[in-house]
Amino acid sequence: MPASLHCPSSPASAALPAPPAHADDRLRILREVFGYPSFRGAQAAIIDHVTAGGDALVLMPTGGGKSLCYQIPAIARQRAGLGITVVISPLIALMHDQVGALREAGVEAAFLNSTLDWRAALAVEQRLLRGELTLLYAAPERVTTPRFLELLDTLAARARLALFAIDEAHCVSQWGHDFRPEYRALALLHERYARVPRIALTATADALTRADIIEQLRLQNAREFISSFDRPNIRYTIVEKKDPTAQLLRFIEREHEGQAGVVYCQSRKRVEAVAQTLLQAGIDALPYHAGMDAALRQQYQDRFLREDGVVMVATIAFGMGIDKPDVRFVAHLDMPKNIEGYYQETGRAGRDGLPADAWMTYGLQDVVNQRRMIDESPAEESFKQIMRGKLDALLALAEATDCRRVRLLRYFGQDSAPCGNCDNCLHAPAVWDGTDAARKLLSTIYRVHQHSGFGFGAQHIMDVLRGKATEKVRQFGHERISTFGLGAEFSEAQLRSVLRQLIATGALAIDAAHFNTLALTDASRPVLRGEIPVQLRESAASGSASAPARGKRGARHERPGAPAATPSTTGLDAAAQARLDALKLWRAEVARGHNLPAYVIFHDATLSAIAQTAPRSLDELHEISGIGEKKLQAYGAEVLRVCTSAVAAAPR
C-alpha cells in the first residue's frame with residue numbers, strides 16, 4: 001500500500017547528510033565524465049548549492065547547460081552514498097536522449113515511461129532498488145502514481161533518495177506557455193519527502209511565472225539562480241506578412257539551404273500545406289502535429305534528430321526538450337501567444353553556439369486571431385487580462401523600431417545594450433507618424449457604425465477611408481459618409497500597420513461575436529483627440545523575406561560581453577575538412593549502431609575541434625572539450641585512426 005501523502009515521522013522525512021561541495025570534486029566530475037574544462041556562468045554555484053543539499057530554482061537559457069546543474073550533483077551525491085536522483089521530465093524523446101548521453105559518458109541512468117513493456121519496466125525498478133542507478137527519468141504523470149510512490153518510499157526508508165530535479169518547471173504555472181496540470185501534483189514531493197533537496201529548472205519564466213513556480217512547487221526557501229537570458233548567436237528578424245510561405249522559401253533558400261530548422265504554424269492544416277510546399281521546392285521537410293498517428297510522429301521526430309538538414313514544420317506540439325544542437329533557424333509563420341512562447345521556441349535554434357536565425361512573419365490577422373482566442377476563452381476575466389498583457393508585450397516587440405534583443409531581455413528583467421545582431425540594428429527601419437492616420441481610421445469606424453447600426457471588418461474600413469467605391473461600400477452607402485476618401489494618401493499597408501498598433505494597445509477591439517468586426521473602446525478617445533502619438537515603422541514595400549542575406553556560414557556580430565564563439569567549420573584547410581568529413585561519417589555509423597542521435601556521440605563543435613587540432617595521441621585528444629574518460633576509452637583509438645586515414649586518403 002502506498003504511504004500517506006503526509007508522513008513527517010516516516011524515514012522518508014529523516015534528515016539526509018549533505019556532502020561538502022568541494023570545488024575540486026565537482027570540477028573533477030565535469031572533466032572526467034563530461035570532458036569539459038570549466039564551468040559556465042552560474043553552473044558552479046548552482047552545483048555547489050544543490051550538492052550540499054539546498055533547494056534551487058534555476059532559470060538558464062536553452063543551450064546554457066541546465067542539465068549539468070543536476071547531473072553533476074546527482075553523481076556527487078551518489079558517490080557520497082546518498083542514493084539516486086529522480087528527474088521529472090515531460091517528454092519521452094528528451095528522456096531517451098539524455099539517458100543515452102549519460103550512458104555514453106559512463107553514468108548509470110535509466111527511464112521509466114510508456115515505451116517500456118512491463119518486463120523492461122520491472123527490470124528498471126529492480127535496478128533502482130538495488131542501488132545500481134545514479135539518475136532515473138520519469139514523467140510527472142508517473143511520479144505521482146501509487147506504484148512509483150511506493151518505490152520512492154522504499155528508497156527514502158533506506159536513505160537512498162538523493163535529489164529531485166524538476167525539468168521544464170514553467171509547465172507548473174498557468175501563466176506559462178506550456179501549462180500542464182499534472183505538474184501541480186509535484187508539490188507532494190516536498191510534503192512527502194521534505195528532507196530531499198529539489199532543483200527546478202526552466203529556460204523561460206517572467207516574474208509572474210517564477211512566483212507561480214515557487215508557490216506551486218513549495219520552493220519558498222529555494223535559492224534562485226537567474227542567468228542571462230541573452231542568446232547572442234541568434235539573430236532576431238520580424239518581417240511584415242505578405243505571402244508568408246513564399247517569404248519562408250526565400251529565407252531558407254538564401255540563408256539556410258540544406259540546414260536543419262523548425263517552422264511553426266498555428267494550425268494542423270497549415271502545417272501539412274507548408275511542409276508539402278517545401279518538399280516540392282526540394283527542401284527535406286516533414287510535418288508534425290498532434291492530429292497525426294503517434295507512430296508516424298515519432299518516426300518523423302527521430303528523422304529530424306538523427307539526420308542532417310531536415311526541416312520540421314510543426315505546431316507547438318513539437319519542440320520542448322528537443323536537444324538537437326545544430327538547428328540553424330526557427331521560423332514562425334504565425335505569431336505565438338506571448339514572449340515566453342516566442343523565446344522558448346526560438347531558443348531551439350543554435351544550441352551549439354554557432355550563428356542561427358529566429359525569423360517571423362507578422363500581420364494584422366495575427367493580432368486579430370490572438371485577441372479573439374483570448375476573448376473567447378472560458379477563463380476568468382482576471383486571467384484574460386494577464387494574457388492580454390503578455391500578448392501586448394509580444395506585439396510591441398513585433399512593432400518595435402529599436403533593438404529587438406533589448407526589448408526581449410527587458411521583458412525578463414534584464415538590461416542590455418543594442419545588440420548589432422537583429423534586423424532593426426543591422427538595417428534601421430524608417431519611421432513615420434501614424435497619428436493622423438489613426439485618428440481618421442477611428443473616426444471612420446465610428447461613422448460607419450453610426451450610419452449602418454453595426455460594425456465592419458478591417459478591409460471595409462480601409463476601403464472607405466481610402467475612397468475605394470467597392471460593391472460593398474456602395475451597397476451600404478458608405479461613400480456618403482464624411483471620412484470617405486479622407487485617407488487616400490495612405491497605402492493599405494500603412495493602414496494595416498496602424499490598425500495592428502491600435503488593436504495591440506487596446507484602442508480598438510475585435511468583436512468576435514459579430515464576425516471579427518472592429519469596435520471602439522474607452523482607449524480610443526485619447527487617440528481620436530490626438531493626445532497619444534502613434535509612431536510606426538515604415539512598411540516594407542518590397543515584401544522581401546528578410547534583411548540582405550548573411551549567408552549560411554556568416555560570422556556572428558560580436559559585442560561587449562558576448563561569449564566567445566564556439567569552434568565552427570569556417571576556415572578549415574583541406575586536410576582539416578577531410579578529417580571533419582570522415583569524422584562525421586564515422587559518428588553517423590556509431591550513432592546508428594547505438595540507436596542515438598549523432599550529437600549524443602559527439603557534438604559538431606567537438607568534431608570541429610578535433611579536425612582543427614589533429615591530435616596525435618590519446619592525451620592530446622583528451623584535452624579537447626566534450627571528451628570525457630569513458631568516451632576516450634570507447635572511441636579514442638578509432639577517432640585517431642579516422643583522422644589519420646582521412647588525411648592519407650584526401651586528394652592532393
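This chain uses plain numbering: 1 for the first residue, then up along the sequence.
Between the side chain of Arg231 and the main chain of Gly347, a donor-acceptor pair closer than 3.5 Å is present. Side-chain N or O atoms of Arg405 include one that pairs as donor or acceptor with a backbone N or O of Ile234 at under 3.5 Å. The backbone N or O of Ile238 sits less than 3.5 Å from a side-chain atom of Arg404, completing a donor-acceptor pair.
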Item to check | From CA spacing to verdict: salt bridge (charged side-chain N to carboxylate O under 4.0 Å, His left out), Asp352, Arg328 | outcome: CA-CA 9 Å; Asp352 53 10; Arg328 296 272 60 88; 3.0 Å; yes

Item to check | Test log, rule side chain to side chain contact (heavy atoms under 4.5 Å, CB included), inputs Phe383 and Ile386 | outcome: CA-CA 5 Å; Phe383 179 85; Ile386 291 175; 5.8 Å; no

Next on the checklist: Using side chain to side chain contact (heavy atoms under 4.5 Å, CB included), reason through Glu215 and Gln220 one step at a time and then give a plain yes or no.
Outcome noted: CA-CA 7 Å; Glu215 175 68 23; Gln220 286 83 355; 3.5 Å; yes

Next on the checklist: Using salt bridge (charged side-chain N to carboxylate O under 4.0 Å, His left out), reason through Glu182 and Arg142 one step at a time and then give a plain yes or no.
Outcome noted: CA-CA 10 Å; Glu182 56 269 21; Arg142 182 178 292 263; over 6 Å; no

Next on the checklist: Using the rule given for side chain to side chain contact (heavy atoms under 4.5 Å, CB included), can you reason through Leu286 versus Gln301, listing the C-alpha separation, both sets of side-chain angles and the distance that settles it, and then say yes or no?
Outcome noted: CA-CA 9 Å; Leu286 298 171; Gln301 180 168 291; over 6 Å; no

Next on the checklist: One pair to check against side chain to side chain contact (heavy atoms under 4.5 Å, CB included): Ile92 and Phe111. What are the steps and the verdict?
Outcome noted: CA-CA 9 Å; Ile92 289 174; Phe111 54 73; over 6 Å; no

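Using bins of under 30°, 30° to 60° and over 60° for the plane-to-plane angle, the ring pair Tyr36/Phe34 lands in the parallel bin.
At a threshold of 4.0 Å, the pair Asp212-Arg184 counts as salt-bridged, since one of the basic side-chain nitrogens sits closer than that to a carboxylate oxygen. Using a 4.0 Å cut-off between charged side-chain N and carboxylate O, Arg28 and Asp25 make a salt bridge. Salt-bridge annotation for Asp326 and Lys324: present, with a side-chain N of the basic residue lying under 4.0 Å from a carboxylate O of the acidic one.
Within a 6.0 Å sphere centred on CD of Gln126, heavy atoms belonging to other residues, nucleotides or ligands number more than 12. Counting heavy atoms of neighbouring residues, nucleotides and ligands inside a 6.0 Å radius, atom NZ of Lys384 exceeds 12 of them. Within 6.0 Å of atom CG in Asn221, 12 or fewer heavy atoms from other residues, nucleotides or ligands are found, so the atom counts as exposed in its surroundings.
Among Tyr342, Tyr343, Tyr236, the one residue that satisfies the ring-ring contact (aromatic ring centres under 6.0 Å, His included) test with His332 is Tyr342. The side-chain contact (heavy atoms from CB on, under 4.5 Å) with Ile84 is formed by just one residue from the set Thr134, Leu163, Leu155; it is Leu155.
The heavy-atom pair separating Val99 from Ala109 by the smallest distance is CG1-O, 3.6 Å.
One distance of note links OG of Ser416 with CZ of Arg407; it measures 12.0 Å at 0.5 Å rounding. Note: Ile199 CD1 to Lys66 NZ = 11.0 Å, rounded to the nearest 0.5 Å.
Here the side chains of Leu201 and Asp167 are in contact, with some heavy-atom distance below 4.5 Å.
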